[in-house]
Amino acid sequence: MMKPVDIVTSNVAKELRRLAAQNSIPFSKLYIKIKNVETFYKDASKNLVEIPAHELNKYAQEEYLRDAGIEFEQQYEIVIDSYYRGHPFDGMICNVEFDENDTLAYFVIKKGSKLSYYDDLYDDFLDYIDEYKLRSNILLYLFDVKFEDTIKQFVDVIKQIKTITFKEDKKILVAQGLNAIESINADIFMTIEENNEIGAEDSEGRVNYANRGFLLSCVEGEQLFEFIKPQQGSNGRTCKGTIIEVETVNIDAKPTFTVEDSIEVQDSFENIKFLSTKSGYLVKTGNQYDVSNTIDVEEISFKTTGTINSDLDSEISINVIKNDPLEDAIEEGMHVKVQTLTIKGSVGPNTKIEARDISIDGQTHGESSIKCVNAKISLHKGKIVARKVEVETLEGGEITADIAIVKNAMSGKIKAKTIEIEVLGSHVVMEASGYIQIERIRGEENRFILDPSVDSGFNTIKDDDQAYFKKIEDELKTLINTYKEITLKVKNSLEPCEKIKAAIINSKNKGEEISSGLIQKFKQCKVLKVHYKKQKEKVEYKKEQYAKLKDKLAKSGPNIFDAKIMLSESLKGFNHITYRLTKPQREIELNTNDTMYKKIFKLEEDEDGVLKIVNTND
């Protein structure tokens, strides 16, 4: 036990620790009675100026609490005494917990705490909480929150049961400061780099360092980059009165670049967005950005451009001009994707090109691949898939297309709907579904294959298309049957539904109450009509699917009897001709010789139903 001590202090916790040590009493066994509280702020000269009680609400407002120029201090006139036997709060185990910023303070009643009812319990409980707030250096009045109703509910419960033992921790918010509003620094986000996957990792976590964004493609209306405007934040203040400072930023910061008319500027309070007004690619000259459509480069290589991966819908043209015949214009391993590509030079090994239109005034390497719509190539040794391909010289390369036009076919493979060759050499394999046309023949041992299934690779007809067509057909039949049933129901319900509607209108006009049964029947009429409409839409959609697939199957391949080989001069030496048929699958073959001098080869069926390849002038 110790005698009560009157103290005036600005740090209650410090005095409690001092007296506890001086009297060899545990810190938790001392309690406080608050006699008076004075609140001060420091003026510009750091002198303490007392805040009158009637002005405390003013300084508790956000404007003053966020002001770093105002420092608060409180002085407390208190009596410190030790708990005596039978003290009403002697059985309580409590403390104060703060959030990480000390802006929220919770009074925590620990599990196992005991408290009994007496007449002044409510007022004493509030004083008890204030005592713990002072123990934790929380400033009174400035950061108070309403928690009295919670305490009143506790007291009412205790009054009923006389004594309570807390079976779990109970947290009560008793003080709330202000969190800081963080400042926002000026920043620029290159949205276009994200859209072009610059430096993106693959599924195995590897980064393609060749793709470093030499060409950043964009489409009309696409956001290119965004400038985040700086915003000065606001200081916060803890429940203990300490200022939480925020970073001071330069609110006058502006973008360090300008843009041309091809980039639209959208200015708002928080940011500035820069949008492309046309399709193309982003160009930077000095500190100025522009969107352009055409670019000239000397080469496409790892050390200069890296991988070029643009949207094929972006109207971008790249002209590659390599004046050195000993080096490739597109070097080994490069990947290029662009709408239009013109190459004055050669394409190296392991290159992949995807474009709409491509022109190569040089040669393609045997280990290169191209996919495009239209192509013109001087010397082709690699692989290409396209709609239309025009090649000056085919030397061991492969062509897959709708239309293949070759001036000089020395060797290689051609697979197309129609094939036209000006000069045919030796060891050329030609597959077509329409016709093969040859102007001049300079070699032999060539293979001519007529196959109705040959396609460019763009319009592949799947083997299971017939099965899928049957599935759509069956689904359409089921939908039509259901549609007929619901149509009949709707027709039969028209007259009753109109009567129900008329009855409801009549009741409304008379001011009479509408029966729930009538309303329910009217709702059923509406549901039936909605169901009818949806079923009708389903039938129309399925009919459209059916018609498109039927048309696709009808156009899936030409008639094998229309497929032919047309020559301007006779074949020389040994050549092999094959017609591939379906339903059933079989091949009709013919080995040519010098006696076959006529200009057309085609498939015919004789009077006995035997199929054979004939050499004719018709």
Side-chain angles (χ1 to χ4, degrees), residues 195 219-223 266 275 279 311-314 356 373 387 402 417 433-434 451-563 580-585 609:
N195 294 344
V219 295
E220 183 179 351
E222 180 180 347
Q223 181 175 306
Q266 293 184 352
L275 285 70
S279 294
D311 192 328
L312 292 181
D313 292 328
S314 298
R356 288 186 180 274
V373 177
R387 291 290 189 192
D402 284 345
K417 292 179 180 179
S433 54
D451 184 345
S453 68
V454 168
D455 190 84
S456 66
F458 287 89
N459 296 321
T460 304
I461 302 297
K462 298 178 181 178
D463 294 337
D464 59 347
D465 269 350
Q466 285 291 348
Y468 182 62
F469 177 73
K470 182 68 168 59
K471 177 177 177 291
I472 295 295
E473 189 175 42
D474 291 342
E475 289 176 354
L476 180 59
K477 287 179 181 177
T478 302
L479 282 173
I480 289 174
N481 290 334
T482 306
Y483 176 62
K484 286 179 179 177
E485 291 175 5
I486 195 170
T487 301
L488 184 60
K489 286 182 181 179
V490 170
K491 286 182 178 179
N492 292 336
S493 68
L494 285 177
E495 186 176 346
C497 285
E498 286 299 320
K499 288 181 178 179
I500 293 168
K501 183 179 179 181
I504 291 174
I505 293 173
N506 187 46
S507 296
K508 280 186 176 180
N509 292 337
K510 290 181 178 180
E512 297 174 350
E513 183 179 352
I514 303 169
S515 70
S516 59
L518 202 59
I519 293 174
Q520 183 64 31
K521 288 180 180 179
F522 184 67
K523 286 181 178 179
Q524 290 173 354
C525 289
K526 291 180 71 176
V527 169
L528 184 62
K529 288 181 179 179
V530 170
H531 188 37
Y532 166 77
K533 183 180 179 183
K534 287 184 177 180
Q535 196 67 27
K536 184 179 180 181
E537 290 173 352
K538 286 182 181 179
V539 170
E540 290 173 350
Y541 173 71
K542 192 62 68 174
K543 279 183 177 179
E544 187 179 347
Q545 267 190 311
Y546 176 81
K548 285 181 179 179
L549 188 56
K550 186 176 181 180
D551 184 61
K552 179 183 177 183
L553 289 173
K555 298 176 180 178
S556 62
N559 189 333
I560 189 65
F561 291 99
D562 293 333
R580 290 179 180 155
L581 288 79
T582 58
K583 298 179 182 178
Q585 291 186 350

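- Residues meeting the side-chain contact (heavy atoms from CB on, under 4.5 Å) test with Tyr541, sequence neighbours left out: Gln545.
- Among all heavy-atom pairs drawn from Ala563 and Ser433, the shortest one is CB-O, 3.7 Å.
- Between Ile500 and Cys525, the shortest heavy-atom distance links the atoms CD1-SG, 4.2 Å.
- Considering every non-hydrogen atom in both Leu275 and Gln223, the closest pair reads CG-CA, 4.1 Å.
- Scanning for side-chain contact (heavy atoms from CB on, under 4.5 Å) contacts around Lys533 gives Glu537, with sequence neighbours left out.
- Legend: residues meeting salt bridge (Lys or Arg N to Asp or Glu O under 4.0 Å) with Arg580, ordered by chain and number and at least two apart, are Glu431, Asp451, Glu587.
- To the nearest 0.5 Å, atoms CZ (Arg387) and NZ (Lys417) are separated by 6.5 Å.
- When the salt bridge (Lys or Arg N to Asp or Glu O under 4.0 Å) test is applied to Glu544, the partners found at least two apart in sequence or on another chain are Lys548.
- Partners of Lys543 according to the side-chain contact (heavy atoms from CB on, under 4.5 Å) rule, which considers only residues two or more places apart in sequence or in another chain, are Leu476, Ile480, Val539.
- Annotation: side chain to side chain donor-acceptor pair (under 3.5 Å) contacts of Glu540 (sequence neighbours excluded): none.
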